[in-house]
Amino acid sequence: NRYILIMEVPKKDRPFVFVRCLTYNHEKYIEDALKGFVMQKTDFPFLAVVIDDCSTDGTADIVRRYEAQYPDIIKGIYLPHNFRQTREDKRPYYQEYVDKATYWAECEGDDYWTDPYKLQKQVDFMEAHPECTVTFHRYDILQQEEQKWRKDRCGVYLQQNQDFVELTLPMYFENWVTQPCTMIYRKGTYLGQDKPYHGYKDQHLIYHLLNEGKGFILNFNGAVYRENRGGIHGRTPVIQQSRLAVQVAQELYQYNGKTAVLKKNLIQTLDWAIECEKRCDGGSKRVLCSFVIQRFLLVKSIRRMIRQLWL
């Protein structure tokens with residue numbers, strides 16, 4: 001395989017990969033994620049830490065079964081109550097594993113990996129490219145209820161014969177081409193977690209990773225991102241998604257130097273949110289006016305403001 005053994009590293013210096021898997025009521029899906037972990041073939045150690053947020057179905061039982069069968073690969077953490085509801089920090093429960101890690105990988109309990117060399121390919125690339133803070137790869141999207149498949153959007157940047165492409169901040173903001181299940185990043189990179197963000201989202205994380213170093217999309221398909229109505233994204237109406245996106249774009253712009261790239265991202269996000277407020281169920285004239293005024297203050301276009309308010 002063209003990604004394997006890009007660089008030989010002495011065994012004593014081999015990295016350790018921490019894989020975080022957050023799960024809640026994923027009884028129907030979690031076994032796919034666990035199978036994706038245990039099938040990984042690497043020449044370095046890794047540990048998949050599965051944090052069950054007090055599921056009320058059989059998720060924890062499935063994790064315990066795999067933990068007993070694969071104790072060197074799977075570590076289950078079973079939270080005493082639902083931390084998402086209480087907004088408590090889960091990290092103290094798995095910090096000891098993070099402290100040992102060279103790299104951090106993600107895969108939520110309703111997504112799964114499909115390439116047994118996924119970790120090896122990404123780690124080999126990052127070991128050979130110390131300027132690289134994060135790598136992604138291609139993935140398929142499964143709409144669970146309708147059993148419909150579609151491709152990711154990486155094709156807008158990756159040609160068929162390219163092994164990889166650099167993902168810059170303007171490219172990232174222009175097209176959402178990533179999902180956490182494809183990501184591995186270098187631990188020790190500044191992630192902006194000391195900034196006064198209202199909740200720390202994937203967009204915050206990926207912004208700081210790309211701002212601190214280089215990110216790359218590797219041209220292999222290694223995961224399935226599952227869309228299902230039981231997932232957090234699936235349960236969230238579009239109008240709420242758009243308002244949250246504006247909040248994140250505002251925070252990135254306000255707390256990171258108000259750069260031209262972040263300003264453009266905020267304007268584009270406001271344009272989308274304005275259309276959602278006008279056309280989606282649950283739209284609010286008050287919120288619409290707020291977004292239009294925010295956009296005017298960024299661009300100073302009276303004509304655009306009038307058109308967005310009345311058309």
Side-chain angles (χ1 to χ4, degrees), residues 108 111 136 139-146 148-157 167-180 182 195-208 210-211 217 225-311:
E108 294 193 0
D111 302 327
F136 309 92
Y139 60 98
D140 290 319
I141 303 165
L142 170 61
Q143 205 301 315
Q144 181 64 37
E145 284 77 15
E146 298 177 8
K148 290 184 177 180
W149 293 84
R150 66 181 191 272
K151 296 295 184 183
D152 60 30
R153 300 178 68 187
C154 298
V156 299
Y157 298 136
L167 180 66
T168 64
L169 276 171
M171 291 164 64
Y172 167 66
F173 285 130
E174 192 67 31
N175 287 286
W176 183 264
V177 294
T178 64
Q179 289 295 339
T182 77
K195 294 182 181 286
Y197 297 142
H198 184 74
Y200 192 82
K201 306 293 189 299
D202 294 337
Q203 295 95 321
H204 295 113
L205 172 63
I206 296 172
Y207 164 76
H208 285 287
L210 295 178
N211 193 53
I217 304 172
Y225 171 73
R226 199 188 311 258
E227 292 180 342
N228 66 88
R229 297 188 185 100
I232 293 170
H233 192 271
R235 293 196 306 264
T236 306
V238 172
I239 196 76
Q240 291 183 28
Q241 293 178 32
S242 66
R243 291 173 185 175
L244 178 59
V246 169
Q247 176 187 302
V248 172
Q250 288 171 333
E251 291 176 341
L252 288 173
Y253 179 66
Q254 180 178 353
Y255 299 126
N256 295 284
K258 297 185 177 181
T259 65
V261 169
L262 293 174
K263 181 178 180 179
K264 181 180 178 182
N265 176 58
L266 177 53
I267 292 168
Q268 290 176 333
T269 306
L270 283 167
D271 285 342
W272 172 54
I274 286 167
E275 290 305 307
C276 289
E277 293 297 331
K278 291 162 69 173
R279 305 184 191 285
C280 295
D281 291 340
S284 160
K285 289 184 178 179
R286 180 183 60 81
V287 177
L288 170 63
C289 290
S290 170
F291 288 167
V292 171
I293 291 169
Q294 288 179 57
R295 193 191 190 283
F296 170 74
L297 294 174
L298 290 167
V299 182
K300 304 294 193 298
S301 172
I302 294 178
R303 181 179 298 177
R304 181 63 178 258
M305 181 175 72
I306 293 172
R307 186 163 69 248
Q308 288 184 322
L309 280 173
W310 278 281
L311 295 183

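Positions are given from 1, in the same order as the sequence printed here.
The local environment of NZ in K201 is crowded, with over 12 non-hydrogen atoms from other residues, nucleotides or ligands closer than 6.0 Å. Atom NZ of K195 has more than 12 neighbouring heavy atoms from other residues, nucleotides or ligands inside a 6.0 Å radius.
At a cut-off of 3.5 Å, with distance as the only test, no side-chain donor of Y139 or D111 sits close to an acceptor on the other residue.
Looking only at side-chain heavy atoms (C-beta outward), E275 and K278 come within less than 4.5 Å of each other. No side-chain heavy atom of Q179 sits under 4.5 Å from any side-chain heavy atom of I141. I217 places a side-chain heavy atom less than 4.5 Å from the side chain of V177. Side-chain atoms of L270 and L298, non-hydrogen and from C-beta on, do get closer than 4.5 Å to each other. At a threshold of 4.5 Å between non-hydrogen side-chain atoms, the residues F136 and I206 count as touching. Counting only heavy atoms from C-beta outward, the side chains of V292 and I274 approach each other to under 4.5 Å. Considering only heavy atoms from C-beta on, Y197 stays 4.5 Å or farther from Q203 through its side chain. Here the side chains of S284 and R243 are in contact, with some heavy-atom distance below 4.5 Å.
The two residues V261 and P170 come nearest to each other via the heavy atoms CG2-CG, 4.0 Å. Here the closest heavy-atom approach between residue W272 and residue S242 is recorded as CZ3-CA, 3.3 Å. Pairing each heavy atom of N256 with each of E251, the nearest pair is ND2-O, 4.0 Å. The nearest pair of heavy atoms linking G283 to I239 is CA-CD1, 4.0 Å.
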- Message: Show, in sequence, the C-alpha distance, side-chain angles and deciding distance for Y255 and H204, and conclude whether the side chain to side chain contact (heavy atoms under 4.5 Å, CB included) test is met.
- Response: CA-CA 11 Å; Y255 299 126; H204 295 113; over 6 Å; no
- Task: Test H198 against Q247 for side-chain hydrogen bond (donor to acceptor under 3.5 Å, both in side chains), laying out the working first.
- Result: CA-CA 8 Å; H198 184 74; Q247 176 187 302; 4.7 Å; no
- Message: Assess the residue pair D152 and T182 against the criterion (side chain to side chain contact (heavy atoms under 4.5 Å, CB included)); give the C-alpha distance rounded to whole Å, side-chain angles, the decisive distance to 0.1 Å, and a yes or no.
- Response: CA-CA 11 Å; D152 60 30; T182 77; over 6 Å; no
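For the atom pair CZ (F291) and SG (C276), the distance works out to 9.0 Å, reported to the nearest 0.5 Å. In this structure, CD in E108 is found 12.0 Å from CZ in R226, a value given to the nearest 0.5 Å. The CG atom of L262 sits 11.5 Å away from the NZ atom of K258 when rounded to the nearest 0.5 Å. Separating the OH atom in Y253 from the CG atom in N265 is a distance of 11.5 Å, to the nearest 0.5 Å. From R295, atom CZ reaches atom CD1 of I267 across 6.0 Å, with rounding to the nearest 0.5 Å. Residue L169 holds its CG atom at 8.0 Å from OG1 of T259, rounded to the nearest 0.5 Å.
No option in T168, T269, L252 other than L252 meets the side chain to side chain contact (heavy atoms under 4.5 Å, CB included) test with F173.
Remark: R150 engages E227 in a salt bridge, criterion side-chain N to carboxylate O under 4.0 Å.
Below 30°, between 30° and 60°, or above 60°: for Y172 and W176 the angle between ring planes is between 30° and 60°, a tilted geometry.
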